[in-house]
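Hydrogens, waters and symmetry mates are skipped; everything else that's a heavy atom, side chains included, is used. Numbers restart at 1 for each chain; the letters A, B, ... are given by sequence-line order, proteins then strands.
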Number of protein chains: 2
Amino acid sequence: MKVTDDSSPLCPVARALTCVGDSWTLLILRDAMQGARRFDEFQRGLGIASSMLTRRLERMVSNELLEKRCYQRHPPRYEYHLTAKGHDLAPVILTLYRWGEQHLPIEADGFRLVDRRTQGPVEPILYDRCHDRPLSPGDVCLAPGPDANPAVHARVERMRNAFERGDFPDSQPAAARADCRAAMAASDSINE
Amino acid sequence: MKVTDDSSPLCPVARALTCVGDSWTLLILRDAMQGARRFDEFQRGLGIASSMLTRRLERMVSNELLEKRCYQRHPPRYEYHLTAKGHDLAPVILTLYRWGEQHLPIEADGFRLVDRRTQGPVEPILYDRCHDRPLSPGDVCLAPGPDANPAVHARVERMRNAFERGDFPDSQPAAARADCRAAMAASDSINE
DNA sequence: ATCGGTCACTTTCATTATGGAAGCGACTCT
DNA sequence: AGAGTCGCTTCCATAATGAAAGTGACCGAT
C-alpha cells in the first residue's frame, strides 16, 4: 500500500491501518490476547510461514504493539508480550469478531464469546461515552479540525451531501434509537 | 495469506479477515461510509492505483460489501453502494479511528468525530448489550461451542492459563469497572 | 555419549500481489 | 473540432509472500 492522498496522514483510520492493516498482524494480536507468547505458539495457532512470522513480530515490536522479553540466554530466546497500545486493539478484534459471527455464519459453532465470570453470552456494541447511549454509526459524522486541508473539507462536504441524499440507512434518528432500546430491552429480558 | 490451522475456519475473526483483511478494502469502506460512490471518487480519496481499485471493488462486490448500480448505459457505468453487510462494518472503522487517534497522534488536528445533530464530540467505546454496561476486553473470554475441535480447546485452555497468570492488565474486575464509571461521570460533567 | 527432538530463527527460491504508466472507447463540454 | 472526463484494461517491473530446507544451542532419554 502506498497512499499519496492529501487527507490520508490526517485520518486516524489511515494511520491505524499502516500499523495493523494486514491479516497476519490482527491474527497475531488475536492470539496474543488469547495468551500466546512464544514463536511456536503463534506459528501453531496461525499456520503462518516462519519467515512471515519473524517479519511480522519484528514490525509489531517496532510499532510498539508487542514487546520482547528475554526468558533465556544461550541461545537468546524471547517472549512477545502485548503492550498497552497492543492491548487497546482488543475492541477492534471484538468488533471484527461480532461482524464475522453475524455476517459470515457457518454451520458449526466452535467458539463462543462469554462473560469471564458468569460464562453467559456477551454482545459487544458501540456506545458513546460522551452522550451515554448506544451509538449508531449514522449518528456520527466528520467535522474538519483547525488543520484541515482542502481534501479534508471535500470529504466532510461529500459526507454531508450523502446524508442529505438519504444514503445512510441507520440515520433516521428517532426510529433507530427506538429500535435500539427495544432490542436492548428484549435481549435483557431474554437473559434474565 | 494462507491459513492452514484447524481452528481458523471456526473463528469469526479469521473469517472476517478473509473478507476485510487488507488496508485498501477498509479504506474503501471508510470512503464509502463518507459518501463516495464512483470509481474516481474512490481513486482520488485514496491515491490508489486504478488497477488495484478495480480488483478491490470487484472482490468487495463478490463479498457483498458493495453492490453495483448502473447509472448510465453506453458505456455502462456503475456506482458502488454499501450493502447492509458493508454498512455493518462501521463499528470496526470507528473503533480503528479511535485507536489511531489515541495511539498514533500527530501534531495536526484535521478531522473530528462529532455527533451529527449537536456537532459535539463523540467517544465510541465498547458496551455489552447483554449486561448493559461498558465492556472491558478483560471481562470477556472464549468458550468452546458444541463443534469445537482440539485446536479450539487448546486455545480456550491457553487463554484461561494466561488469565490465571495475571497476563490481562484490564481484568481486575472491581477496579476496572470503578475506573470506567468514574471516567464516564467525568466526561459527562465535562460535556454538560 | 549419542540420538532424536525442540525452539527460534535465517536463507533461498518460486509464486503471487501490487504500483505505475499507458491506452481506450464512449461520452460531454467549449 | 478539440480537449477533457470517466471507468476501466493491459502490460510490466518490483515487492511481498509461502514452502522448504538448514542452523545452532539446548534438552531428555537410552
key: Salt bridge flag under 4.0 Å for residues A:Glu123 and A:Arg98   = yes
key: Distance, rounded to the nearest Å, where B:Ile48 contributes CD1 and C:dG20 contributes P   = 11 Å
ask   = Does a side-chain N or O from A:Arg44 land closer than 4.0 Å to OP1 or OP2 of C:dC7, or not?
value = yes
request  = Select base, sugar-phosphate, or nothing to describe what A:Phe42 touches, counting heavy atoms under 4.0 Å on all strands.
outcome  = nothing
ask   = C:dT16 C1' sits how many Å from A:Asp22 CG, rounded?
value = 16 Å
task = List in chain and number order the residues that pass side-chain contact (heavy atoms from CB on, under 4.5 Å) with A:Gln34, two or more places apart in sequence or in another chain; answer none if no residue qualifies.
result = A:Arg30, A:Asp31, B:Leu142, B:Arg155, B:Arg158, B:Met159
remark   = Those residues at least two apart in sequence (or on a different chain) that pass salt bridge (Lys or Arg N to Asp or Glu O under 4.0 Å) with A:Asp109 are A:Arg112
ask   = Considering only heavy atoms, which members of residues 51-62 of chain B lie under 4.0 Å from some atom of DNA chain D?
value = B:Ser51, B:Thr54
task = List the protein contact pattern of nucleotides 25-30 of chain C with one symbol per nucleotide (5' to 3'): B for base contact, S for sugar-phosphate-only contact, - for none; contact means a heavy-atom distance under 4.0 Å.
result = BSS---
request  = Mind calculating the distance between CZ (A:Phe39) and C1' (C:dT6) to the nearest angstrom?
outcome  = 13 Å
inquiry  = Tell me whether the side-chain N/O atoms of A:Trp24 come closer than 4.0 Å to OP1 or OP2 in D:dA16.
reply    = no
ask   = Taking CG from B:Leu46 and P from C:dG20, how many angstroms apart are they, rounded to a whole number?
value = 13 Å
Whole angstrom value for the distance that separates P of D:dG7 from CD of B:Glu79 = 9 Å
key: Within 45° cone and under 6.0 Å: A:Arg116 NZ/CZ vs B:Phe163 ring   = yes
task = Give a yes or no on whether a salt bridge exists between A:Asp115 and B:Arg133, defined as a side-chain N under 4.0 angstrom from a carboxylate O.
result = yes
query = Any idea which of C:dA8, D:dC6, C:dA22 is nearest the B:Ser50 side chain?
reply = C:dA22
Distance, rounded to the nearest Å, where A:Leu66 contributes CG and C:dA8 contributes P = 14 Å
ask   = Would you say B:Tyr80 and B:Arg37 make side-chain contact, with heavy atoms under 4.5 Å?
value = no
request  = Would you mind reading off the distance between B:Arg37 atom CZ and D:dG7 atom P, rounded to a whole angstrom?
outcome  = 13 Å
query = Pairs in or reaching into residues 34-73 of chain A: which pass ring pair (Phe, Tyr, Trp, His ring centres under 6.0 Å), with residues at least two apart or in two chains?
reply = none
For A:Asp128, side-chain hydrogen bond (donor to acceptor under 3.5 Å, both in side chains) partners two or more places apart = A:His131
task = Send over the distance from A:Tyr71 OH to D:dA25 P, rounded to a whole Å.
result = 16 Å
message = Regarding A:Glu79 and A:Arg69, does a basic nitrogen lie under 4.0 Å from an acidic carboxylate oxygen?
response = no
